[in-house]
Amino acid sequence: MVVRYKKLIFVDTNDNCRAPMAKFILKRKFLTNPLTIESRGLVVLFPEPMMPKAEMVLEKNGYPTPVHIACQLKQEDIDNDVLLLTMEDRQKAEIWGTFENAPHVYTLREYVGESGDIPILHGQPLEVYAQCYTEIELLLRKLVIRLNEEEEL
């Protein structure tokens, strides 16, 4: 049985870089079943904005000044019709160890049929952020195909 998701949440450690980048990119894609698209962090100590280099990369790719404030993942975010996609396998394991009844948790790569983590960007030069943007963009193209195919079933 295929689950019809109502919400997709990208999950990262701090919700200030990779997950919000993925959120902004996916919001521009065409999904046959419109989803609420959000991002959350596993360790959000205070509501901080997105990392400046991530913002610069999004702006360079046509996203006008992306506004984002980091938000903590909470139990009430998780439900049977919510798809959680993490950036790293470690984050997926942390969700399973921390939250009750999290049935649809995958790494982004895993969900589109690949393996491996999306690299951590903190402290990296702008070029590495740009490479990560391109990597996430390609993964999200595959994600859109999968989500749209599931909707047809």
Side-chain angles (χ1 to χ4, degrees), residues 5-74 76-79 81-95 98-99 102 104-151:
Y5 299 114
K6 292 184 180 173
K7 184 186 290 186
L8 186 154
I9 302 175
F10 292 104
V11 181
D12 200 349
T13 302
N14 305 107
D15 190 32
N16 64 2
C17 189
R18 298 172 292 177
M21 281 191 354
K23 172 185 78 170
F24 282 111
I25 296 166
L26 186 59
K27 282 186 172 188
R28 283 206 171 165
K29 305 285 185 197
F30 174 75
L31 294 170
T32 54
N33 176 38
L35 292 169
T36 300
I37 302 164
E38 299 175 351
S39 68
R40 296 285 187 270
L42 296 173
V43 182
V44 178
L45 303 176
F46 55 92
E48 65 179 317
M50 194 171 4
M51 294 177 84
K53 289 178 185 174
E55 282 184 358
M56 283 192 280
V57 167
L58 284 171
E59 287 175 3
K60 277 180 125 176
N61 285 282
Y63 296 81
T65 314
V67 177
H68 174 80
I69 300 297
C71 190
Q72 177 76 35
L73 181 68
K74 297 177 179 154
E76 52 266 23
D77 291 320
I78 302 168
D79 205 345
D81 59 0
V82 177
L83 175 62
L84 299 170
L85 297 177
T86 67
M87 302 295 123
E88 303 168 35
D89 201 51
R90 171 185 64 81
Q91 295 159 345
K92 178 176 77 169
E94 188 173 334
I95 290 170
T98 304
F99 297 98
H104 308 289
V105 185
Y106 308 88
T107 68
L108 174 55
R109 284 190 182 282
E110 172 187 24
Y111 198 75
V112 299
E114 295 185 12
S115 62
D117 293 341
I118 296 172
I120 296 170
L121 298 176
H122 184 74
Q124 296 295 319
L126 186 60
E127 300 80 46
V128 176
Y129 280 76
Q131 290 168 355
C132 185
Y133 170 88
T134 301
E135 185 177 339
I136 291 172
E137 165 70 31
L138 293 172
L139 290 168
L140 292 182
R141 288 180 189 181
K142 292 179 180 183
L143 174 65
V144 167
I145 291 168
R146 174 160 180 194
L147 291 172
N148 287 344
E149 284 175 351
E150 287 174 355
E151 184 60 23

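Annotation for Asp15 and Cys71: closest pair OD2-N, 2.8 Å, computed over non-hydrogen atoms. The two residues Lys23 and His68 come nearest to each other via the heavy atoms NZ-ND1, 2.9 Å. Scanning both residues, Phe10 and Leu108, for their nearest heavy atoms gives CE2-CD1, 4.4 Å. Considering every non-hydrogen atom in both His104 and Val82, the closest pair reads CB-O, 3.5 Å. Contact record, Ile95 with Ala102: CG2-CB, 4.0 Å, taken as the closest heavy-atom pair. The shortest heavy-atom contact between Pro20 and Met50 is CB-SD, 4.0 Å.
Asp77 has no carboxylate O lying under 4.0 Å from a charged side-chain N of Lys74, or vice versa, which leaves the two without a salt bridge.
Judged by distance alone, the side chain of Asn33 and the main-chain N or O of Leu147 form no donor-acceptor pair under 3.5 Å. Put simply, the side chain of Gln72 never gets that close to the backbone of Arg40: no donor and acceptor are under 3.5 Å apart. Judged by distance alone, the side chain of Arg18 and the main-chain N or O of Met87 form no donor-acceptor pair under 3.5 Å. Asn14 places a side-chain N or O within donor-acceptor distance of the main-chain N or O of Val43, the cut-off being under 3.5 Å.
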Query - Worked check of side-chain contact (heavy atoms from CB on, under 4.5 Å) between Ile145 and Arg141 - result: CA-CA 6 Å; Ile145 291 168; Arg141 288 180 189 181; 5.5 Å; no
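Distance CG/Leu121 to CG/Asn16: 10.0 Å, rounded to 0.5 Å. Here the straight-line distance linking atom CD of Glu88 with atom CG of Asp12 works out to 6.5 Å at 0.5 Å rounding. To the nearest 0.5 angstrom, Lys27 atom NZ is 11.5 Å from Tyr63 atom OH. Annotation: the span from Ile118 atom CD1 to Cys17 atom SG amounts to 10.5 Å, rounded to 0.5 Å. Going from atom SG of Cys132 over to atom CD of Gln124 covers 10.0 Å, rounded to the nearest 0.5 Å. The structure places CG of Leu85 at 4.5 Å from CG of Leu8, a figure rounded to the nearest 0.5 Å.
Side-chain contact between Arg90 and Thr13 is present, with at least one heavy-atom pair separated by less than 4.5 Å. Side chains of Tyr111 and Leu139 form no contact here, defined as non-hydrogen atoms less than 4.5 Å apart. Proximity of Tyr129 to Met51: side-chain heavy atoms (C-beta onward) are separated by under 4.5 Å at one or more points. Counting heavy atoms from C-beta on, the side chains of Val144 and Phe30 never come closer than 4.5 Å. Between Phe99 and Val105 there is no side-chain heavy-atom pair separated by less than 4.5 Å. Residues Leu35 and Leu26 are not in side-chain contact: their nearest non-hydrogen atoms beyond the backbone lie 4.5 Å or more apart.
Under the 3.5 Å distance criterion, with hydrogens and angles disregarded, a donor-acceptor pair is assigned to the side chains of Thr32 and Asn148.
Exactly one residue among Glu135, Glu149, Glu114, Glu137 makes a salt bridge (Lys or Arg N to Asp or Glu O under 4.0 Å) with Lys142. That residue is Glu114.
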